[in-house]
2 protein chains.
Amino acid sequence: MKPSVVTSELNGHFCDDCAVRGAAVCSSLDAAELREFEHLGRRVHFDSGETVFSEEDITTSFYNVLEGVMRLYKLLPDGRRQIVGFALPGDFLGMNLSGRHNFSADAIGVVNVCQFPKGPFGRFIEDRPQLLRRINELAIRELSQARDHMVLLGRRSADEKVATFLLGWRERLVALKGPSDMVALPMSRQDIADYLGLTIETVSRTFTKLERLGVIEIIHGGISLLDPARVEAMAAA
Amino acid sequence: MKPSVVTSELNGHFCDDCAVRGAAVCSSLDAAELREFEHLGRRVHFDSGETVFSEEDITTSFYNVLEGVMRLYKLLPDGRRQIVGFALPGDFLGMNLSGRHNFSADAIGVVNVCQFPKGPFGRFIEDRPQLLRRINELAIRELSQARDHMVLLGRRSADEKVATFLLGWRERLVALKGPSDMVALPMSRQDIADYLGLTIETVSRTFTKLERLGVIEIIHGGISLLDPARVEAMAAA
DNA sequence: GCAGCCGATTGACTCAGATCAAATTCGGCT
DNA sequence: AGCCGAATTTGATCTGAGTCAATCGGCTGC
């Protein structure tokens, strides 16, 4: 929760050894551009639970997630929370029209980001349409995911929501770390509940139910997918 | 539902008299560009209920809504439907990464669109970053709206959903046609239900309840907002 | 080792909204 | 005007998920 931000001293330079260089916005830049680009940003570290930015904050930077997981959420005045997504390495955050963030983001576990001040980044984009195109692609991809999530929130049962979440989350981890039936769940049950539009109790009960059915095993810090096909069947209509 | 498309004979030309020229993607083009641009697209008319494009269809065109209202929706295999948005004049449809539409769109009442074949449109964008920037803006705006809608779907009660919908819809009509407390609702109760993640019965009951409370009046083809402040109070937490 | 905490699980009960089932209203069309 | 079909409203009942309330279990710090 505290805004204490530790800035790495081996700063900006060395996109070379950046884990997400190929995947993130940077993938649209050639070697020379990358060299210039790396001077714009700097690596910033966040500890578990720290807030990277808050809804309604004036946008001062864009962020490229390098490492770790973040929850992105919106709060209603009375405290109800909806998590609108989880950010993983390669995700790009901070785009908006209003000049203010339209959701909050905080670190789930340790997080490293590449932070770009809005002004210089905006100027860098100006004459690099391929970077703009890349950002546009990311926005369109997110839009598509957002629409899928609307279907889940509006029209799916609790069982379907949980099953869909497990498969979707696994998919993202697979893309990042390679195939595995072990699905790490760094976020809390409350986070999952707020992502799926459920309560923590319902999420917990559904996990237990899936385990009793023998389709998953609940392990520390995640689950093991014992019967992916059955989970897929539950996720579908 | 039928794909019969009537093409206006006074074709492509005359963006001049286009109602949405200032608002839509076109707003990023100067007079000369607009002249070139208008040859790319053509006006296409759809009757009430006709499908403009379907989810999973290969994207062949982009669309700029000129007139009328469209429902944008996704279906689950068993027929459950989630409306992910309503398109109004000035809205731009068809952006995607997969080469396929990721939702279906059909006309609610008569609709006119400006249709651009994907290929020529893509080529036209190539060397016009300001058009790309405009499209990016539209995508980011939609993304923000999508996130707001996730909060509504995941965390709001039926009363709050309906109240929020009425205010949001009014806002869009105001932006389009100027202020009024008459809120035209061209979509059916079923459409509203599928947009809000409710059933038609719940929507109907909530309308009736609002009317009995004296905050709206249900009139033919819409409602009259008698007490906007009270509705806003219901919409907030 | 164990006391205290915090997140997760489990159980009992409730309730908002869904479901099922009629009316009723509102067109359009002879 | 009068009839038909679709959309909407209303009513009665049901139920999936929420709420409230204990535990449980694993870690932390003493």
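To find a chain, count down the sequence lines: A is the first, B the second, and so on, and within it residues start at 1.
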Let me see the working for Arg80(B) and Glu160(A) under salt bridge (Lys or Arg N to Asp or Glu O under 4.0 Å), right down to the final yes or no.
CA-CA 13 Å; Arg80(B) 281 176 289 176; Glu160(A) 290 170 343; 2.8 Å; yes

The test is ring pair (Phe, Tyr, Trp, His ring centres under 6.0 Å); show your working for Phe53(B) and Phe103(B) and say whether it passes.
CA-CA 8 Å; Phe53(B) 56 81; Phe103(B) 53 84; 5.8 Å; yes

Every protein N/O within reach of nucleotides 6-8 of chain D N/O, cut-off under 3.5 Å:
unit_1, atom_1, unit_2, atom_2, d
dT8(D), OP1, Arg189(B), N, 3.4
dT8(D), OP2, Arg189(B), N, 3.2

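Salt bridge absent: Glu67(B) and Arg43(B) never bring a charged side-chain N and a carboxylate O closer than 4.0 Å. Between Arg141(A) and Asp91(A) there is no salt bridge, since none of the side-chain N atoms of the basic residue sits less than 4.0 Å from a carboxylate O of the acidic one. Contact check on Arg71(B) versus Asp194(B) returns no salt bridge, with no Lys/Arg side-chain nitrogen under 4.0 Å from an Asp/Glu carboxylate oxygen.
Distance, Leu153(A) CG to dG16(D) C1': 17 Å, rounded to whole Å. If you measure from atom CG of Leu196(A) to atom P of dG16(D), you get 19 Å, rounded to the nearest angstrom. Per the geometry, CE belonging to Met234(A) stands 14 Å off C1' belonging to dG16(D), to the nearest Å.
The minimum heavy-atom distance linking Leu173(B) with Ala184(B) is given by the pair CD1-O, 3.5 Å. Of all the heavy atoms in Ala146(B) and Leu143(A), the pair that sits closest is CB-CD1, 4.3 Å. Heavy-atom minimum distance, Ala163(B) versus Val231(B): CB-O, 3.7 Å.
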Treating primed atoms plus P, OP1 and OP2 as sugar-phosphate and everything else as base, which nucleotides of nucleotides 19-29 of chain D get B, S or - for protein heavy atoms under 4.0 Å?
BB------S--

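When DNA chain C is scanned 5' to 3' for any atom under 4.0 Å from a heavy atom of chain B, the first and last hits are dG17(C) to dG27(C).
One N or O on the side chain of Glu211(A) and one on the backbone of Ile218(A) form a donor-acceptor pair closer than 3.5 Å.
Contact annotation for Gly221(A): no contact, since no heavy-atom pair falls under 4.0 Å across all strands.
For the atom pair Leu88(A) CG and Arg172(A) CZ, the distance stands at 4.0 Å (nearest 0.5 Å).
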